[in-house]
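Heads up, the thing below is written out as structure tokens.
In what follows, chains carry the letters A, B, and so on, assigned in the order in which the sequence lines appear, proteins first and then strands, with residues in each chain numbered from 1.
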Number of protein chains: 2
Amino acid sequence: MNREPTERQKFLLALVVHEYVRTAMPVSSLTLVEQYKLDMSSATVRNELAALTEMGYLRQPHTSAGRVPTEEGYRFFVGRLMQETALPDSMRHTITHQFYQMGTDVEQWMRLAASVLAHQSRAASLVTAPHPERARLKHLELISTRGRQVLMVLVIVGGEIRQRILTLSEPVPQEKLSEVADRISRQLQDRDADSIRALRSHFDGLAYDILGYVIDDLYKTERTISGEIFTDGLTNVLAEPEFSNSEEARRALRLLEERTLLQELLARTVFATNAVGGVQVLIGGEGTWEDLRQSSLLLTRYGVPGQATGTLGVLGPMRMAYGRTISTLRFLAGLLSDLVAETLVEDEHHTN
Amino acid sequence: MNREPTERQKFLLALVVHEYVRTAMPVSSLTLVEQYKLDMSSATVRNELAALTEMGYLRQPHTSAGRVPTEEGYRFFVGRLMQETALPDSMRHTITHQFYQMGTDVEQWMRLAASVLAHQSRAASLVTAPHPERARLKHLELISTRGRQVLMVLVIVGGEIRQRILTLSEPVPQEKLSEVADRISRQLQDRDADSIRALRSHFDGLAYDILGYVIDDLYKTERTISGEIFTDGLTNVLAEPEFSNSEEARRALRLLEERTLLQELLARTVFATNAVGGVQVLIGGEGTWEDLRQSSLLLTRYGVPGQATGTLGVLGPMRMAYGRTISTLRFLAGLLSDLVAETLVEDEHHTN
DNA sequence: ATTTAGCACTCTAGCGGGTAGAGTGCTAAA
DNA sequence: TTTAGCACTCTACCCGCTAGAGTGCTAAAT
């Protein structure tokens with residue numbers, strides 16, 4: 001069933017996908033000939049479409065309807081036929097400019113990335129903040145609040161900040177707290193949880209206790225996929241005809257709402273089937289994700305591998321402008337990677 | 001058209017609302033008699049329903065259909081007829097317990113609040129974090145990163161934390177930075193932006209510069225309605241029949257997605273028409289909000305007025321279980337207010 | 001060996017008519 | 001004032017029909 005299509009068949013398959021993405025209606029042989037001024041008759045096209053249908057790349061909603069790509073068809077298109085629609089240079093510049101103008105606020109970057117992705121792909125986007133794979137201590141601060149309660153602020157290499165309220169066994173004056181925090185900051189700077197645990201025994205009572213919380217928090221930082229998942233363009237997917245019945249829409253949106261589902265998905269998808277230049281393409285849920293049966297999910301990682309990475313994703317109908325979406329993803333991933341690299345270099349420099 | 005209904009008419013109006021909320025189908029006179037074992041005939045009910053229709057509280061989708069509440073009908077119901085469905089004690093305890101178990105992480109509180117609200121109301125919920133009306137400095141930290149770049153961490157009374165990267169005119173060693181931060185923290189603790197601005201001239205070069213950023217950030221904190229708006233239960237509203245056509249669904253969800261719209265709404269709604277014990281009830285967009293024509297929005301504030309407050313909201317179809325939703329809102333607002341008050345007291349105590 | 005014109009065939013979307021039933025409003029009696 | 005009874009209205013649904021879109025196949029043309 002899946003023998004290699006001829007060149008002409010591949011060409012026609014690409015046209016069918018393109019046309020179907022554009023119109024959301026089954027594509028007929030005559031439409032193709034007229035729309036793309038093909039140098040052959042509709043009968044010839046019909047024969048070829050019949051062959052593609054035989055091979056499993058197209059299907060007919062019913063006997064007297066045009067053709068629609070199957071999941072297999074989309075996969076073949078994305079993997080073998082698609083040419084990326086490069087973003088116009090002006091657009092790239094505008095976007096780059098926006099990011100650099102935004103300063104160094106990670107949260108703003110994430111919102112902007114989500115917004116750009118949603119706009120360009122006309123689908124729902126999701127972005128996770130860059131997340132250190134090994135959380136290393138950059139700075140510790142202890143602030144006395146009331147009695148035995150202390151606010152612990154943990155600055156992690158890369159800029160992430162964690163806060164937490166501790167309850168100590170007895171009240172400790174601010175001077176003492178500052179002194180301990182300062183000692184820990186200086187002596188354990190740039191160390192990760194494991195390393196701090198090994199050195200913990202060198203510290204006395206209060207510092208020893210505090211380090212317990214620090215280690216705990218560093219581990220927590222490594223474990224959580226990311227504090228927050230930024231999304232945008234949810235309403236885009238509701239606008240698509242395949243989600244007009246709203247039951248399908250719910251299925252898809254549930255993913256974006258239930259972070260646990262999403263995290264599982266992200267975790268399992270790192271090793272996904274269809275990858276184009278670092279972009280994972282999940283079409284129709286790949287038979288595994290019931291809720292995504294009608295949808296496609298594109299994912300890519302950005303950042304500096306081994307140090308801090310995050311995820312960019314687009315969720316939309318299977319009938320999606322893969323070319324434009326993938327190249328947007330790639331462009332944004334590159335841009336964000338540069339930004340992350342720069343902040344890491346800054347930290348690095350500080351270390352030496 | 002709006003003369004006062006008789007007692008019996010009010011009673012029947014309440015029944016119609018109740019029944020329609022339950023079934024989402026037009027309510028007939030016979031249904032009412034049977035469902036609620038009324039001590040009168042369907043003909044009598046019919047006469048009363050006709051009167052209520054005349055008054056504008058009910059309408060008929062077509063001649064031979066049952067009755068459906070109008071916006072006016074819902075307003076009358078909420079304002080005059082509704083009895084709140086108190087949450088069962090066991091539920092209150094469970095929820096309270098969850099909050100106290102969660103510790104002092106504000107973000108977790110918000111997520112939990114959004115989740116509880118969405119569940120209880122079976123609609124979409126939105127929650128903004130408690131936000132100080134006057135941002136007062138609690139603690140300042142300056143951390144050298146690379147060359148002239150410095151990470152400024154601002155802890156604000158109430159627990160909020162802001163971070164920002166500054167670029168100084170020349171490199172400054174960490175010791176000097178710490179000393180300046182420490183001096184500022186000690187001397188300007190608990191002061192707000194205005195107060196710090198007045199005292200700024202007492203400080204020398206570096207500290208003076210830094211204070212500029214501090215003042216700026218404090219103002220920013222006061223201006224932003226809240227860093228983040230937490231939502232949950234978006235898929236609940238998609239499940240409602242009135243949103244099955246997806247165009248309506250988009251309109252409603254757009255509000256929750258576009259934070260600017262939402263902020264405008266929150267700002268203008270503080271002075272809204274229909275308020276029940278602190279809960280603002282916006283029915284059918286009150287003629288102003290085109291996107292909410294089919295929806296109702298319930299809002300309430302929580303926190304300590306004049307110090308730190310936040311907003312709780314529920315967005316759902318006009319056909320909503322107002323009783324349960326409002327009492328849930330009230331309960332949660334009280335709970336969160338207590339929590340906020342406690343953290344404020346802690347800070348207060350620390351001050352003395 | 002392909003390509004293509006021609007044509008019979010199939011299936012859907014849409015329309016009109018016809019019907020059952022739900023629910024009303026009204027009238028007249030209780 | 002309530003209620004039984006009934007005529008009336010409107011919808012939802014089913015049915016059959018038709019126009020048209022698009023196919024697959026066959027046989028001729030290249």
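Between A/Met40 atom CE and C/dA1 atom P there is a gap of 21 Å when expressed in whole angstrom units. As rounded to whole Å, 11 Å separates atom P of D/dG22 from atom CG of A/Leu32. Here the C1' atom of nucleotide C/dG23 and the CZ atom of B/Arg59 are 16 Å apart, to the nearest Å. We find that CE of B/Met25 is positioned 12 Å from C1' of C/dG23, with the value rounded to whole Å. Here the C1' atom of nucleotide C/dT2 and the CG atom of A/Leu38 are 17 Å apart, to the nearest Å.
When the side chain to side chain contact (heavy atoms under 4.5 Å, CB included) test is applied to A/Ser28, the partners found at least two apart in sequence or on another chain are A/Leu30, A/Thr31. Among residues two or more places apart in sequence or in another chain, the side chain to side chain donor-acceptor pair (under 3.5 Å) test is passed with A/Gln83 by none. Under the side chain to side chain donor-acceptor pair (under 3.5 Å) criterion, B/Arg22 pairs with B/Glu19, not counting sequence neighbours. Among residues two or more places apart in sequence or in another chain, the side chain to side chain donor-acceptor pair (under 3.5 Å) test is passed with B/Gln294 by none. Judged as a ring pair (Phe, Tyr, Trp, His ring centres under 6.0 Å), and not counting sequence neighbours, B/Phe243 has no contacts. Take A/Arg122 and apply the salt bridge (Lys or Arg N to Asp or Glu O under 4.0 Å) test, not counting sequence neighbours, and it matches no residue. Every residue two or more places apart in sequence or in another chain that forms a side chain to side chain contact (heavy atoms under 4.5 Å, CB included) with B/Met25 is listed here: B/Thr23. Scanning for side chain to side chain donor-acceptor pair (under 3.5 Å) contacts around B/Glu242 gives B/Arg319, with sequence neighbours left out.
The aromatic rings of B/Phe76 and B/Tyr57 sit tilted relative to each other, their planes meeting at an angle between 30° and 60°.
Counting all heavy atoms, side chain and backbone alike, A/Ser295 lies closest to A/Leu315 at CB-CD1, 4.0 Å. The shortest heavy-atom contact between B/Gly313 and B/Leu117 is O-CD1, 3.6 Å.
In DNA chain C, stems built from 3 or more consecutive Watson-Crick or G-U wobble pairs, each with both distances under 3.5 Å, span C:1-30 with D:1-30.
In this structure the side chain of A/Leu297 never reaches within 4.5 angstrom of the side chain of A/Val314, judged on heavy atoms. Looking only at side-chain heavy atoms (C-beta outward), B/Asp232 and B/Val116 stay at 4.5 Å or farther from each other.
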Under-3.5 Å N/O pairs linking protein and nucleotides 13-18 of chain D:
none

Using the 3.5 Å cut-off, write out each protein N or O paired with an N or O of nucleotides 13-20 of chain C and the distance between them.
none

Checklist entry - What does nucleotides 24-30 of chain C look like as a protein-contact string, B for base, S for sugar-phosphate only, - for none, at under 4.0 angstrom between heavy atoms? => result BB-----
